[in-house]
**Student:** 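I have a structure here, written as C-alpha cells, and I will follow up with some questions on it.
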There are 2 protein chains.
Amino acid sequence: MPRSNRERTDATRTVLLDAARKLFIEKGYAETATPEIVAAADVTRGALYHHFPDKKALFWAVIEREANNVAADIDAHSAEASSAREALLQGASAYFDAMAVPGRTRLLLKEAPAQHAIDNGEGEDPAEQGLKIGLSHLLAGSENLKLLDPLTSLISSAFEKAAIAIDCGGKRADYEAAIAALLDGLIAQPRR
Amino acid sequence: MPRSNRERTDATRTVLLDAARKLFIEKGYAETATPEIVAAADVTRGALYHHFPDKKALFWAVIEREANNVAADIDAHSAEASSAREALLQGASAYFDAMAVPGRTRLLLKEAPAQHAIDNGEGEDPAEQGLKIGLSHLLAGSENLKLLDPLTSLISSAFEKAAIAIDCGGKRADYEAAIAALLDGLIAQPRR
DNA sequence: TAAGATACATTCAGTCTGTATGTTTTCTTA
DNA sequence: TAAGAAAACATACAGACTGAATGTATCTTA
C-alpha cells in the first residue's frame, strides 16, 4: 500500500514519539536506550536519526508535545471566574487535572528539569506567564505587588511540588488547600 | 614515603570526591565520564572502582558530603530567635548563606534531584524536618496548622527555587522578602 | 517515465561503564 | 623480621550505546 511521504513521516514520527514517551515514563531518559525505543516502535535506528538529530532532540519533542497537550487541556477547562482569587484557584484545579494524566508529572516535572539542568540555566518559563498574570490581579493594591516576579517564581515551584506530591500518592485536596492558604496569605493584610 | 592503609584510602577517596565534585558542578553528572574524573584526580579507574561500587555511588558520596557541609554551616550560624517568625527568617538567611558556596546549588538542587528522579519516588527529605518544626510554631493557633505537612512541602520547594534563582543571578533580597511574605501570610489572619 | 529527493536500513568507529585479572604496598603473625 | 594475607591500586577486556557514514527503497515531479 503506497503512502505519501507526508503520511509516512507523520506515522513514523508518531510511533517514535509514542514509544519514547512510554519508555521515558517507565524508566527515565538516561535508562532508555535508542535500540529499545526503535524496537518498541517497530522501526530502525536509521529512522530515528533521520527524523531527529539525536536522542535528546527526540526527548524534547516528546516533552514539547506533552506540554502542548497540558496547555490545551487547561485552556479547554477554563471558565469565567468571579474574582482574582477564584481565577487562580480554578487555574490550580485545571492544572492538577491536566497533570493527572499518567506520566505527565514524571515527564514534565521530573525528567524534563533533570535534562534541562545539564545544559541550560533556566530561561523564561512560559508556564509561569499565566500564573504571573493571575497573581498580578490578586496582589493589586497589596505591598506584595512589588515582589510579583519572585513570588510568581516561588508559587510556581509550589504548584509543581504539589503536582509531584499528588502524583506520588499525596491527597490532592490537602495540596489544593495548602495552595489556597499560600495565595490567601498574600492578599493585602492589615499590619497590626 | 610509606603511608598507612587508612591514610591511603582517605587520601584517594578525597581526591576522587574533590575531582568528581568539580566536574559534576562544571558539566553535570551525565556529561562527566569516569576517565575524566580519575585523570583529574591523578589516579586510575581501578582505584575508583575499588572505593566505589559504581559511578552513581561516587556521585551520591559527593552529594552526601556536600549536604553534610550545608547542615554544618547552617548549624554554625544558628542563633536564638525571639519569635517563630524570626527563627524561620534567620533560618532562611542561614540557608541562603550556605547555598551561596559555589556549586552547592547546582549539586544539591539540580544534579541530585535529577538523578533521584530516575530510581526513587521521593522519601522523607531530612532537610524538610527543620522547616517543619519552625512552621509548626509559626502556625500554632492558626487554621493552617492542619495543613502542616503539605505546607512544609510547598514552602520547602519555594526555598529551593529561591536558592536556584539566586544562584542564577536573582537578587537575594527580593527572594528573601518573597519568602517572608509567604510566611507572614500563613500566620493566623482575621477572616473578614 | 526518468531523475532527484525523501524516507528508511545497515554498518561502522569511537567512547563509556563495569568486571576480571594482575601487581604493588601495607598489615599481621609466627 | 620474614612470609603469608589482605588491602590498595593498575591494567586489560567484554558488552553496550551513541552518532555518523553509507547503502537501498519509495515517493515526487518535471
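Reminder, nothing fancy here: chain letters follow the sequence lines and each chain counts from 1. Owing to the predicted nature of the structure, the values given are computational and were not obtained by experimental measurement.
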**Student:** Rounded to the Å, how far apart are B:E31 CD and C:dT17 C1'?
**Tutor:** 15 Å
**Student:** Report the distance from atom CZ of B:F52 to atom P of C:dT17, rounded to the nearest whole Å.
**Tutor:** 15 Å
**Student:** Roughly, in whole Å, what's the span from CG in B:D54 to C1' in C:dC16?
**Tutor:** 14 Å
**Student:** Any cation-pi pair here, A:K110 with A:Y29, using under 6.0 Å and within 45°?
**Tutor:** no
**Student:** Look at the side-chain N and O atoms of A:H51 and state whether any lies under 4.0 Å from the OP1 or OP2 oxygen of C:dA7.
**Tutor:** no
**Student:** Side chains of B:R3 and B:T9: any donor to acceptor distance under 3.5 Å?
**Tutor:** no
**Student:** Tell me whether the side-chain N/O atoms of A:T44 come closer than 4.0 Å to OP1 or OP2 in C:dC8.
**Tutor:** no
**Student:** Mapping A:T9 and B:A33 to their closest nucleotides on DNA chain C, which lands nearer the 5' end?
**Tutor:** A:T9
**Student:** Give a yes/no on whether any side-chain N or O of B:T12 is located under 4.0 angstrom from OP1 or OP2 of D:dC9.
**Tutor:** yes
**Student:** Let me know the distance between CG of B:L48 and P of C:dT17, rounded to the nearest Å.
**Tutor:** 9 Å
**Student:** Mind calculating the distance between CD (B:E36) and P (C:dG14) to the nearest angstrom?
**Tutor:** 20 Å
**Student:** Which nucleotide in the list C:dC8, C:dT26, C:dC16 gets nearest to the side chain of A:R8?
**Tutor:** C:dC8
**Student:** From C-beta outward on A:P35, which listed nucleotide comes closest to its side chain: C:dA9, C:dT6, D:dT18?
**Tutor:** D:dT18
**Student:** Whether A:D167 and A:R172 form a salt bridge (side-chain N of Lys/Arg under 4.0 Å from carboxylate O of Asp/Glu) is what I want to check.
**Tutor:** no
**Student:** Output yes when at least one side-chain N/O atom of B:H50 is less than 4.0 Å from OP1 or OP2 of D:dC9, else no.
**Tutor:** no
**Student:** Between A:R106, A:K27, A:R21, which is the residue that forms a salt bridge (Lys or Arg N to Asp or Glu O under 4.0 Å) with A:E111?
**Tutor:** A:R106
**Student:** Which value, rounded to the nearest 0.5 Å, describes the distance between A:E7 atom CD and A:D10 atom CG?
**Tutor:** 8.0 Å
**Student:** What is the distance, rounded to the nearest whole Å, between atom CD1 of A:I37 and atom C1' of D:dA16?
**Tutor:** 15 Å
**Student:** Respond yes when some side-chain nitrogen or oxygen of A:T34 is under 4.0 Å from OP1 or OP2 of D:dT18, and no when none is.
**Tutor:** yes
**Student:** Return the value, rounded to whole Å, for the distance between atom CZ of B:R3 and atom P of C:dT25.
**Tutor:** 12 Å
**Student:** Quick one: which of D:dT28, C:dA9, D:dG19 gets closest to the side chain of A:V43?
**Tutor:** C:dA9
**Student:** Could you state the CZ-P distance from A:R45 to D:dT24, rounded to the nearest angstrom?
**Tutor:** 20 Å
